[in-house]
Structure formats: structure tokens, C-alpha cells
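Chain identifiers are assigned alphabetically (A, B, ...) following the order of the sequence lines, protein sequences preceding nucleic acid strands; residue numbering begins at 1 within each chain.
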Amino acid sequence: MFEISWGDGGRVVMAGRFDASQADKAEAFLSAIQASVDVDFHDLQYISSLGLGILLRTQKRLAASGATLRLVRVSRHIREIFRFSGFDRIFPIEEEASEQAR
Amino acid sequence: MVDREAGARRAFARSLAAVSDLLDWADRFFEAAGIPADHRFGIQLGLEELFTNLVKYGAGAHPIEIELVRRDSLLLASLTDQDVEPFDPTAAPDADTTLPLDARKPGGLGLHLVRRVVDRVDYTYENRCSRTTLVKRLG
């Protein structure tokens, strides 16, 4: 299961497993975003290259107007996928507070 | 006590919509075979990336057979595609991850990631049958 929705404080919240079968749902939601926003990854368990591609397209579109997606509460294994992809150069990333302390 | 050897095999339709079923099925196998949570993510990501590659770019007409095996401290996942031309995913180039935002393009990352989240990727082609096997060491 994968959910993308508006959470507290104007954050976007992603939860569950963002696999290839969820592309349309994520694309539809993200294409409506026009300004800088935090994306809460706390409950995101999984992301594949397809999800990374959708996030990249969104970041490119926002960058044209000086806006940006910032990823917050990112778990260690998802952070690793962003690093392997070189996407840690493209997205500001804030790790889970509990993992920063380790 | 978990068996030292456990396995499951199933064929999946060539469709991106089948990815959800594939990963649910893998989750159930991991539970039954006692695969630690830390080791599941890499094999699932590998399965999805290789499966979607075959769906998007492979010219095969048959369902794709997936086999999961736990043998002692190894977890193996293989994808078999019958009656196709060869495509060796181990020969695909890595993505250039140093490019800035405006030069990055979506796509081309799948196999790049697979090589980094599993311990080994093997490819064989025989009798027009293409088989990729992912190996993850447990522990």
C-alpha cells in the first residue's frame, strides 16, 4: 500500500511502498505542487527508480521558479538509495532525528 | 526453527500493475523463510527494477517466472524470461550520478541501483531463455 497526502504544517506525507504500480497516484499529486514544500518520509518504507524519477521531474519543474522539495525524516536505507543515485546532491535531505544521534 | 532451505516460484504477467503483487508475494516468502527485515529491501528493489525493465524493454510474450530461494545464509531471487533475445543487465553502464539537477534525466537508474543493493548479479542465456539471478548474503 502507498499513500501520498497533505499532513500537518503544510507538509506532504508519503507512506508505505512507493513501487512502480503507484506511479500515476504519485505523479497526479506531485504535479499540483507549485511552491517549496517539505516531504515527510517517516512512514515511507520503500522507493524504486520509478519513484526517484517522479521526484526528479517534480524537482526540475519547481527549480524553474526557484522552489524546491525538501525531504525530511528520511530513514537510513532510503537515504542510502538517494546517495547511490546521486540524488543527495539534488534534494536537501534531513535524516530521522533518532538516526542522526547514532 | 526456520528450515535451512526454503523456496517459492510464481509467474507474473508482464505489466507494471503486477509489481505490487510481486512485492507482496516476496514479503510473504520473507516472513515464511525468516529473512531479517534489513535484508528484504535490497532483494525487493532488485526484483522490481529487473521486472520493470523486462516489462518496458523486453520483447517477450510469456509471463515472467520468479523464484525465491533461501539456502543457508544466502537469499537468491531469479527472473526467467522464455523465448527472448539476450539482454545482459550486468553489462549495462552505471548512471552518471555527479550531474547537476538540470542535466539529470529520469530513467537509467534501475540497474545502477540493483548493483549496489545486492551482493551479486548473475546472468545466463540458454535455449532462448534469459535468466538473471540476484544474490544477497544474510548476516
Using only atom types and a distance under 3.5 Å, with no angle test, would you say the side chain of [X] pairs donor to acceptor with the backbone of [Y]?
X	Y	result
A:Q59	B:L101	no
B:E48	A:D19	no
B:R104	A:F87	no

What residues of residues 108-121 of chain B sit under 4.5 Å from chain A when only non-hydrogen atoms are counted?
B:L109, B:G110, B:H112, B:L113, B:R116, B:V117
Are more than 12 heavy atoms from other residues, nucleotides or ligands located less than 6.0 Å from atom [atom1] of [X]?
X	atom1	value
B:R131	CZ	no
B:K105	NZ	no
B:R137	CZ	no

When hydrophobic residues are tied together by side-chain contacts of less than 4.5 Å, even through go-betweens, does [X] share a cluster with [Y]?
X	Y	answer
A:I93	A:F18	yes
B:W25	A:Y46	yes
B:L54	B:F87	yes
B:Y123	B:I43	no
B:V135	B:L75	no

Begin from the C-alpha positions of A:L50 and B:E49 and carry the test side-chain contact (heavy atoms from CB on, under 4.5 Å) through to its verdict.
CA-CA 9 Å; A:L50 189 128; B:E49 300 296 351; over 6 Å; no
Go through it in stages, so that I can follow the logic: the residues are B:T98 and A:R89, the test is side-chain contact (heavy atoms from CB on, under 4.5 Å), and I'd like the CA-CA distance, side-chain angles, deciding distance and then a yes or no.
CA-CA 8 Å; B:T98 64; A:R89 299 157 179 259; 4.0 Å; yes
What are the residues of residues 29-44 of chain A, in order of number, with any heavy atom under 4.5 angstrom from a heavy atom of chain B?
none
Of all of A:F84, A:F91, A:F2, which one pairs up most often with chain B through heavy atoms under 4.5 Å apart?
A:F84
With a 4.5 angstrom heavy-atom cut-off, is it the side chain or the backbone of [X] that approaches chain A, or both, or neither?
X	value
B:D96	neither
B:D27	side chain
B:A17	backbone

Closest non-hydrogen contact found for A:A20 with B:T52 is CB-CG2, 3.8 Å
When rounded to the nearest 0.5 angstrom, what is the spacing between CZ in A:R17 and CZ in B:F41?
11.5 Å
Rounded to the nearest 0.5 Å, how far apart are CG of B:D24 and OG of A:S21?
8.5 Å
Side chain, backbone, both or neither: which part of A:Q45 has a heavy atom under 4.5 Å from chain B?
backbone
Is A:L52 close to chain B through its backbone or its side chain, or both, or neither, when contacts mean heavy atoms under 4.5 Å?
side chain
Let's go through A:I81 and B:L45 carefully: what are the C-alpha distance in whole Å and the side-chain angles of both, what is the deciding distance for side-chain contact (heavy atoms from CB on, under 4.5 Å) to 0.1 Å, and is it a yes or a no?
CA-CA 10 Å; A:I81 294 301; B:L45 184 63; 3.6 Å; yes
